[in-house]
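Below: the structure, in structure tokens.
Residue numbers begin at 1 in each chain, while the letters A, B, ... track the order of the sequences. It should be emphasised that the depicted structure is a prediction, and the values quoted were computed from it without experimental measurement. Keep in mind that the numbers below use all heavy atoms, side chains included, and drop hydrogens, waters and symmetry copies.
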2 protein chains.
Amino acid sequence: MATVLDVARLAGVSTATVSRVLSGKGNVGEAARERVLSAVRALDFQPNRMAQGLRRGHGSAVGLLVGDIEQNVYSALTKHVQTALGGIGLDLMLYNLDHSAERLSTILEAAPAMGLRGVALATTDVLAMATVGPQLRQLQASGLLVVSIGQRLHREGVPSVVHEERSAARRAVAYLLESGRGPVAYLGRLSGSAVGTERYRGYAAALGDAGIAIDRDLVWDVSYRFAAGYEATSRALDAGRRFHAVQCGSDELALGAMAAIQDRGFAIPDDVAVIGFGAIGWGGHVRPALTTISVDPAAVAARVADHFAGREAPALTIIPRTLLRRGSA
Amino acid sequence: MATVLDVARLAGVSTATVSRVLSGKGNVGEAARERVLSAVRALDFQPNRMAQGLRRGHGSAVGLLVGDIEQNVYSALTKHVQTALGGIGLDLMLYNLDHSAERLSTILEAAPAMGLRGVALATTDVLAMATVGPQLRQLQASGLLVVSIGQRLHREGVPSVVHEERSAARRAVAYLLESGRGPVAYLGRLSGSAVGTERYRGYAAALGDAGIAIDRDLVWDVSYRFAAGYEATSRALDAGRRFHAVQCGSDELALGAMAAIQDRGFAIPDDVAVIGFGAIGWGGHVRPALTTISVDPAAVAARVADHFAGREAPALTIIPRTLLRRGSA
DNA sequence: CTGAAAGCGCTAACAT
DNA sequence: ATGTTAGCGCTTTCAG
């Protein structure tokens, strides 16, 4: 591994000049610059990131904290964030929270010592701001860049990049109602999830718009995974609840609901229409194909990169969603 | 951020002693150790990873290079690898290869300067060993730990942790044949994928065992994604090919095949049985539920961690697979 | 058992 | 425009 000193010697300049050429800061004569550059190439020099980090006070990796990388929403996000960060010379340190608040705190606690340039928090779990808030502020005070993805924390001073939630759900449910698919049930996580509540509110708003009262028996509060969707829907079906559509809080849930409906011999969408939320990969390939609400991880990643690149960016960015009409509704 | 010097001062010892206590290397008197430890707690000291890395010559993060994090196989693997590495004090730097050989080379090239402790290569794409081989050896020469996941590179001197491929496929196809589901088609990537060929060979072996000749029209060489499976199967169906089962090289492909079959009004598994490969998350929730071949990311991660922990581990570990019988076959 | 001191590779004042 | 130099925080000989 060649060092700046090797480059400096070969180019016949001092290490300071090498550093200046490489960083682009400070004035360097054309002749010297040329020689440095060719020495860099000749030695295949790559600056040692740890030394740079030690000197600068922070490294060149951003910590991405995701709720659960195994869920497609997060893996798709991760992919785009990694690409976007790579574009501005930043690496990605991945931390899987596994939806654990304790783990989140531990990681936040260790972030400065880790040499992270910043932290991107991507979880929709409701955060205990009493403990997380101070930690986040502490990080910012240490000079770390902090960004929230999917959850609005801009009031807490954390720039946030989120998707539209309530209005998107509202439009989807309105579509169901207009298509004569009522009564419409809601399947999703109401508490514990920062976005779950918003989505439910969109459902409630759409019913309100249509002058329909909310039927508590048609609102199922569950976790986000497949099994939860399957069970809740099965229970409702077996209990003889009357509904002709289900708006789900996630695609996983929607798939679970579809399985429950199909297992009981009902047809989708004729007997029961289903709309998911999140447009994960396989939704279009299931039969019937899942009608769902879009996500735009690339747009999110682009905005997140803006923040880490130090580019001007709004404290709150809201990415729009659209209804993806496919076979299930 | 407290430094070793702060701790040393508070404990009334030298920084060397603090370092010795923290690393557990070297002898330290009981009294001194106690004082250091309580000083560490009092100051909430956490060693600066970049300084440690600079001094030691390498950092404490492992680079995980995955083919495509958005594919469930890789995200599940990543999750477990991150957990396992965390257990031995290592962080995870994620690099998404996007199946690009060029990107792989770039990352491998930069790895030492990045301060990585090691690199875990998780891709089943066929590697151009002429260029990748030397790079890998170069990394090892620089003291980086290198492990291959999913692809056998132990002959190249890279310890590998892989799943059973050929024999697992062979058993699955044999099961199809024994259940009277023949003729059996094979849908998967034959070239370009290091495991695709192996899986196909398992298929071929099972046919051979049953004394059946391979019908080239029933072997579809495609990429790994949904769409490819859908199209290949549609084409075969529309061309009037005769087969009553499809062994697929991946679950994504299987889902595509199922959609094609269902779209043409055929029943699964009665008209055509389908077996996937890989047991990704949603397979059990589709209808009919996908019969597939298991994966064990936790087992893989555990072995990978063994390598990075410097624990004794075999040059080649093969994780067994089992047939997961569900509804589609 | 413990301390002093050198130095990992780099950057940023500070000189010139 | 360019060089000199002082560390960033830590580990590790080398002395004692």
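In the set C:dG3, C:dA5, C:dG9, the nucleotide with an atom closest to the side chain of B:Val13 is C:dG3. The side chain of A:Ala16 lies closest to D:dG3, out of D:dG3, C:dG7, C:dG9.
Annotation: side chain of A:Val36 is not in contact with side chain of A:Val28 (no heavy-atom distance under 4.5 Å). Counting only heavy atoms from C-beta outward, the side chains of A:Asn96 and B:Thr78 never approach each other to under 4.5 Å. Contact of the B:Leu121 side chain with the B:Gln151 side chain is not registered, since no non-hydrogen atoms from C-beta on lie closer than 4.5 Å. Taking 4.5 Å as the limit, some side-chain heavy atom of A:Ser14 sits within range of a side-chain heavy atom of A:Thr17. Taking the side chain as every heavy atom from C-beta outward, B:Gln82 and B:Leu64 never approach each other to under 4.5 Å. Residues B:Ser142 and B:His58 have side chains not in contact (no heavy-atom distance under 4.5 Å, counting atoms from C-beta outward). Between A:Arg41 and A:Ser38 there is a side-chain heavy-atom pair separated by less than 4.5 Å. In this structure, A:Val300 and A:His163 have side chains that are in contact, with non-hydrogen atoms separated by less than 4.5 Å.
Near-neighbour residues of DNA chain C inside residues 22-39 of chain B, defined by a heavy atom below 4.0 Å, number-ordered: B:Asn27, B:Val28, B:Gly29, B:Ala32.
For the pair B:Pro159 and B:His307, the tightest heavy-atom approach, listed with the atom from each and the gap, is CB-NE2, 3.3 Å.
In this structure, A:Thr17 reaches the D:dG3 phosphate: one of its side-chain N or O atoms is under 4.0 Å from OP1 or OP2. OP1 or OP2 of C:dT11 sits under 4.0 Å from a side-chain N or O of A:Ser19. Phosphate proximity of C:dG9 to A:Gln52: absent, as no side-chain N or O sits under 4.0 Å from OP1 or OP2.
Consecutive Watson-Crick or G-U pairs involving DNA chain C, each under 3.5 Å on both distances, make up stems of three or more pairs at C:1-16 with D:1-16.
Rounding to the nearest 0.5 Å gives a distance of 6.0 Å between OG1 of B:Thr317 and CD1 of B:Ile319.
Summarising the geometry, the separation between CZ on B:Arg55 and C1' on C:dC10 is reported as 16 Å, rounded to the nearest angstrom. Per the geometry, NE2 belonging to B:His58 stands 11 Å off P belonging to D:dT11, to the nearest Å. As a whole-Å value, the separation of B:Met50 CE from D:dC8 P is 13 Å. Atom pair B:Phe45:CZ and D:dG9:P shows a separation of 10 Å (rounding to whole Å applied). A:Leu54 has its CG atom 7 Å from the P atom of D:dG9, to the nearest Å. Between the CG atom of A:Asp6 and the C1' atom of C:dC8 there is a distance of 13 Å, given to the nearest Å. Distance B:Leu5 CG to D:dT11 C1': 14 Å, rounded to the nearest Å. Distance B:Arg49 CZ to D:dT11 P: 11 Å, rounded to the nearest Å.
With respect to the salt-bridge test (charged N to carboxylate O, under 4.0 angstrom), the residues A:Lys79 and B:Asp98 qualify.
A side-chain contact (heavy atoms from CB on, under 4.5 Å) with A:Leu94 is found for exactly one of A:Ile69, A:Val81, A:Leu65, namely A:Ile69.
Note on A:Gly115: nothing from the nucleic acid sits closer than 4.0 angstrom, heavy atoms only.
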Could you write out each protein N or O paired with an N or O of nucleotides 14-16 of chain C at a distance under 3.5 Å?
none

